[in-house]
Amino acid sequence: MVLALALIATPAYAQGGGATSSIAGVVIDSGGGVIPGATVTATNNSTAGTSTVISQANGTFTIPALNVGTYTVNVSLQGFKTAVLKDVQVSSGGPANVRATLEVGGLAETVVVEGASAIVQTQTSAAANTITARQIASLPLQSRNTLDFVTFLPGVMTPGGNRDSIVNGLPQSSLNITLDGVSVQDNHLKTGDGFFARMQPRLDAVEEVTVTAAASGADTSGQGSTQIRFTTKSGSNSFSGSSYYYYQHEKLNTNTYFNKVSGLPKNVALQHQPGTRAGGPVFIPGLYDGRGKAFFFVNYEENRTPRTITTNSNILTDEAQAGIFRYMTSSGLQTVNLYALAQSLGTVANGYTTTPDPTIMGILNVMRASASQGTIETLEGNFTAERLKFQQAANGLTRYPTIRLDYNLSPAHRLTGSWNFNDLVSRPDTTNTRQGTYPGSNNSSAQISDRYTFQTTLR
């Protein structure tokens, strides 16, 4: 039995009690006959946690609710040599499939099988692809957002940016993205922007990502035809960790074509990505030794992006600001003086006959003066406005802390909890085009978003 609790900033649902899977298989003798009553024990190579079952009358067995990772499976029965199946890979994409052959002999004798996972999956018809932590660490990715790895998998089409991706030609509303079994999608945008996730799992915090594109199991098929599942790393019996600092500078870039055409300098584009991770057994010298029992994993990463962005805005021409508007008709180019027209019609307010209201004129003058901080381009077919292109400062800071704890209460009970956070501050809010309209203007805003996912699983 698996129980799960989930807490998140917006409604979320636990599915299957976290990212777990199983090992299934059959026990046979050297002649191919099935063997019932054999003891099958799966041992996690990282944590030494064990799970034990007995093969059924038809020789089959299933060990459910296992954390993803690499296992060693021992199969024993009185009168037979013990079979040791090494490097059994368990992923969230489907159960591992093994076949244990027992030879006649004593229990003390062992037969070791390296790489015992079956190549052909016989336990499920799901079409799944899994990227492991080793593959994740080997592939370069500037964003360090593990969701971007999904675009490398078969069946994923990316017509524009990664956020535009679709799987097997299906609409994005068919996607379901989970982190440790909890949905991390923005359900308000799912229909048209299903590839967007509120959480962005980091490279050093993810054990694996699995994409199931067809024939999902009954535990997940109700949430979407395409499942994208992330699993947070866990600690092991060995202490491990790393620290890093990725730095990018615009000096290694060339100026953009459009900046060159507009006579603008190269944009400032800095990126700072410091981070650190650590994992291992919970160990307090002289007080507690959690080897084989209690484990922790923590990861912290920042993404700081001070930069400049190019903004395009329209401003009135000098003539239009003076009230002289030109427009094209079938008879040719026409000119009208709006101030004179207003005076002739008797619609002049407050006695202003040749200029607009001082407040409006003040705003127009500020807008026009801002043109000196950028470049002006003519708009084809437009006789009243010009295009102002200028650069303005922008700054982004996103923090990505991750914590996971695992505790083996007993050989049959395991308690797991993971906490993932994304804290984002962007000034101005360039994602929603809320940057300043003109140089020095105050009509900009910031995007401040605190996103988090908690899940707790009891096996």
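Worth knowing before you read on, the calculation uses all heavy atoms, side chains too, and leaves out hydrogens, waters and symmetry mates.
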Are the side chains of [Y] and [X] in contact, using a 4.5 Å heavy-atom criterion?
X	Y	answer
Val90	Ser21	yes
Leu175	Ile228	yes
Ile28	Ile35	no
Thr416	Leu405	no
Leu102	Val27	yes
Met199	Asn145	no
Lys293	Pro281	no

Short side-chain donor-acceptor distance under 3.5 Å, [Y] and [X]:
X	Y	result
Thr276	Ser243	yes
His272	Tyr245	yes
Thr311	Gln392	yes
Asn422	Tyr400	no
Asp180	Ser418	yes
Thr70	Asn45	no
Asn176	Gln227	yes
Asn314	Arg387	yes

Arg144 charged N/C atom sitting above Tyr244 aromatic ring, 6.0 Å / 45°: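 Because its charged atom sits under 6.0 Å from the ring centre and within 45° of the axis, Arg144 does stack over Tyr244.
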Taking all non-hydrogen atoms of both residues into account, name the closest pair between [X] and [Y] and its distance.
X	Y	value
Leu66	Ser51	CD2-OG, 3.6 Å
Ala96	Val88	CB-CG1, 3.8 Å
Ala446	Asp429	C-CB, 4.1 Å
Val206	Lys233	O-CE, 3.4 Å
Gln391	Pro265	NE2-O, 2.8 Å
Arg427	Ile448	NH2-CD1, 3.9 Å

Legend entry - side chain to side chain contact (heavy atoms under 4.5 Å, CB included) assessment of Tyr407 paired with Arg414: CA-CA 6 Å; Tyr407 186 63; Arg414 181 182 65 246; over 6 Å; no
Side-chain ([X]) to main-chain ([Y]) donor-acceptor, under 3.5 angstrom:
X	Y	result
Asp423	Asp450	no
Asn58	Thr60	yes
Lys81	Gly105	no
Asn44	Ala48	no
Ser236	Ser238	yes
Ser426	Pro428	yes
Arg291	Asp289	no
Ser55	Phe61	no

Spacing of [atom1] belonging to [X] relative to [atom2] belonging to [Y], to within rounding of 0.5 Å:
X	Y	atom1	atom2	answer
Phe80	Glu103	CZ	CD	10.5 Å
Leu179	Thr402	CG	OG1	8.0 Å
Ser165	Met157	OG	CE	9.0 Å
Ile23	Thr62	CD1	OG1	10.5 Å
Leu147	Phe230	CG	CZ	4.5 Å
Asp87	Thr72	CG	OG1	6.5 Å

### Message
Please evaluate residues Arg399 and Glu302 with respect to the criterion salt bridge (Lys or Arg N to Asp or Glu O under 4.0 Å), reporting the C-alpha separation (whole Å), side-chain torsions for both, the decisive distance (0.1 Å), and the verdict.
### Response
CA-CA 5 Å; Arg399 299 181 176 92; Glu302 283 187 2; 3.7 Å; yes
Checklist entry - Should we say atom NE2 of His413 is surrounded by more than 12 heavy atoms from elsewhere, each under 6.0 Å from it? => result no
message = Does Phe258 have more than 12 heavy atoms from other residues, nucleotides or ligands lying within 6.0 Å of its CZ?
response =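 No, CZ of Phe258 has 12 or fewer neighbouring heavy atoms, counting only those of other groups under 6.0 Å.
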request  = Under the side chain to side chain contact (heavy atoms under 4.5 Å, CB included) rule, what do Leu77 and Thr39 come out as? Steps first, then yes or no, please.
outcome  = CA-CA 6 Å; Leu77 182 65; Thr39 300; over 6 Å; no
Between Arg202 and Glu301 (salt bridge meaning N to carboxylate O under 4.0 Å), is one present in this structure? yes
Item checked: Charged N-O contact under 4.0 Å between Lys266 and Glu250 -> no
Start with the C-alpha distance between Gln248 and Leu270, add both sets of side-chain angles, then the distance that settles side chain to side chain contact (heavy atoms under 4.5 Å, CB included), and finish with yes or no.
CA-CA 6 Å; Gln248 298 179 51; Leu270 300 177; over 6 Å; no
Residues passing the salt bridge (charged side-chain N to carboxylate O under 4.0 Å, His left out) test with Glu377, sequence neighbours excluded, are Lys389
### Task
Please identify each residue that fulfils salt bridge (charged side-chain N to carboxylate O under 4.0 Å, His left out) with Arg277, with sequence neighbours left out.
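Asp204.
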From the list Thr453, Asn420, Asn299, side chain to side chain contact (heavy atoms under 4.5 Å, CB included) with Thr232 holds only for Asn420
For a side-chain hydrogen bond (donor to acceptor under 3.5 Å, both in side chains) check, start with the C-alpha distance between Thr437 and Ser313, then their side-chain angles and the critical distance, and finish with the verdict.
CA-CA 6 Å; Thr437 309; Ser313 297; 5.5 Å; no
inquiry  = Set out, in order, the CA-CA distance, both residues' side-chain angles and the distance that settles side chain to side chain contact (heavy atoms under 4.5 Å, CB included) for Asn74 and Thr82, then state yes or no.
reply    = CA-CA 7 Å; Asn74 286 265; Thr82 299; 4.2 Å; yes
Aromatic rings Phe296 and Phe239: how do their planes relate, parallel, tilted or perpendicular, breaks at 30° and 60°?
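Geometry flag for Phe239 against Phe296: tilted rings.
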Plane angle bin for Phe421 and Tyr452 - parallel if under 30°, tilted between 30 and 60°, otherwise perpendicular |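 Correct class here is tilted.
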Q: Decide ring-ring contact (aromatic ring centres under 6.0 Å, His included) for Phe295 and Phe297; before the verdict, give the C-alpha distance in whole Å, the side-chain angles of both, and the deciding distance to 0.1 Å.
A: CA-CA 7 Å; Phe295 310 92; Phe297 174 81; over 10 Å; no
Asn259 meets the side-chain hydrogen bond (donor to acceptor under 3.5 Å, both in side chains) criterion, sequence neighbours left out, with Asn255, Asn267, Thr310
